[in-house]
K.L.:
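Let me begin by handing over the structure; questions about it come next.
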Amino acid sequence: MSEFKAVHVERGARIKIQGPASRVFPLLCPVREAYWAPGWEAAVLYSQSGYAEKGCVFTSRHPGEPDTIWLITEHDPEAAVVRFSRVTPGIKLADLLIKVFENGEAGCEMEVAYTWTALSEEGNRDLSELTAEEYAREMDFWQAAINHYLKTGQTMPMP
């Protein structure tokens, strides 16, 4: 029996987006994420529409890791809710739930909740470095990148 004990991390944030939910929600898609996320590369393996939908399967690349495999487990445009399950083989597993809310002003808010579980000592190291401050920086980047795209129609330059 293995002595491995997985690190489990939960993080959440709410970010402000300067656009309506009807314009923002479609950007939560393996294809459309490239519009706003600099460096994002995804390969859609299965989707009836070619875009985000329940059952969509795709991969993404992160330097120094095997391809991450994603599955959209929930996709409700009317409620503006999408949930992804993702696994980076031999490293970590994650659940990502995103809800988009109108905020009554000139935009909306996104609630972004991640739950990660390590699959190995490498995953334990990765997740141990994912502090609340690091997650907040990542969510600040999401906010800036999406708002930049909505304002300019261009992907924000890499930081």
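Quantities reported herein were computed from a predicted structural model and do not represent experimental measurements.
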K.L.:
Between Leu150 and Leu28, is there shared hydrophobic-cluster membership here, with clusters defined by ILVMFWY side-chain heavy atoms closer than 4.5 Å?
P.N.:
yes
K.L.:
Does some side-chain heavy atom of Val81 sit less than 4.5 Å from a side-chain heavy atom of Ile98?
P.N.:
no
K.L.:
Determine whether Ser60 and Pro30 make a side-chain contact, defined as any pair of heavy atoms from C-beta on separated by less than 4.5 Å.
P.N.:
no
K.L.:
What about Leu96 and Val7, same hydrophobic cluster or not, with Ile/Leu/Val/Met/Phe/Trp/Tyr joined at side-chain heavy-atom distances under 4.5 Å?
P.N.:
yes
K.L.:
With side chain to side chain contact (heavy atoms under 4.5 Å, CB included) as the test, would you mind laying out the steps for Asp76 and Val82 before giving the verdict?
P.N.:
CA-CA 6 Å; Asp76 185 343; Val82 63; over 6 Å; no
K.L.:
Does CZ belonging to Phe4 count more than 12 external heavy atoms closer than 6.0 Å?
P.N.:
yes
K.L.:
Would Phe84 and His75 count as a close aromatic pair, with their ring centres under 6.0 Å?
P.N.:
no
K.L.:
Determine, using the 4.5 Å side-chain heavy-atom cutoff (strictly less than), whether Leu27 and Val44 are members of one ILVMFWY cluster.
P.N.:
yes
K.L.:
If you define the side chain from C-beta out and look only at heavy atoms, does anything of Cys56 sit under 4.5 Å from Leu71?
P.N.:
no
K.L.:
Quick check against the 3.5 Å criterion: does Asp67 have a side-chain atom that pairs as donor or acceptor with the backbone of Phe58?
P.N.:
no
K.L.:
When you measure from the side chain of Glu53 to the backbone N and O of Gln48, does any donor-acceptor pair fall under 3.5 Å?
P.N.:
yes
K.L.:
Could you walk me through whether Trp70 and Ser85 satisfy the side chain to side chain contact (heavy atoms under 4.5 Å, CB included) test, starting with their C-alpha distance in whole Å, then the side-chain angles of each, then the deciding distance to 0.1 Å, before giving a yes or no?
P.N.:
CA-CA 6 Å; Trp70 298 72; Ser85 289; over 6 Å; no
K.L.:
Where do Arg61 and Thr59 land on the side chain to side chain contact (heavy atoms under 4.5 Å, CB included) test, with the steps shown first?
P.N.:
CA-CA 7 Å; Arg61 294 180 180 244; Thr59 61; over 6 Å; no
K.L.:
Same hydrophobic cluster for Tyr135 and Met110, using side-chain heavy-atom links shorter than 4.5 Å among ILVMFWY?
P.N.:
yes
K.L.:
Any side-chain donor-acceptor pair under 3.5 Å between Trp36 and Thr155?
P.N.:
no
K.L.:
Less than 4.0 Å between a side-chain N and a carboxylate O, is that true for Arg137 and Glu134?
P.N.:
yes
K.L.:
Which residue in the set Glu129, Glu65, Glu121 passes salt bridge (charged side-chain N to carboxylate O under 4.0 Å, His left out) when paired with Lys92?
P.N.:
Glu65
K.L.:
Compare every heavy atom of Val31 with every heavy atom of Gly50, then report the nearest pair and how far apart it is.
P.N.:
O-CG2, 3.3 Å
K.L.:
Do Tyr35 and Cys29 make a side-chain contact, defined as non-hydrogen atoms from C-beta onward lying under 4.5 Å apart?
P.N.:
no
K.L.:
Indicate, with yes or no, if Leu93 and Ile72 share a hydrophobic cluster defined by side-chain heavy-atom contacts under 4.5 Å among Ile, Leu, Val, Met, Phe, Trp and Tyr.
P.N.:
no
K.L.:
Step by step, would you call His8 with Glu10 a side chain to side chain contact (heavy atoms under 4.5 Å, CB included)?
P.N.:
CA-CA 7 Å; His8 184 81; Glu10 296 180 14; 3.3 Å; yes
K.L.:
Using a 4.5 Å cut-off on heavy atoms from C-beta on, say whether the side chain of His62 contacts that of Thr68.
P.N.:
yes
K.L.:
With a distance cut-off below 6.0 Å to the six-membered ring centre and an angular limit of 45° from the axis, does Arg14 pair with Phe101 as a cation-pi contact?
P.N.:
yes
K.L.:
Donor-acceptor pair, Trp116 side chain versus Leu130 backbone, under 3.5 Å?
P.N.:
no
K.L.:
Near Glu74 CD, under 6.0 Å, is it more than 12 heavy atoms from other residues, nucleotides or ligands?
P.N.:
yes
K.L.:
Is any side-chain heavy atom of Thr117 closer than 4.5 Å to a side-chain heavy atom of Asp95?
P.N.:
no
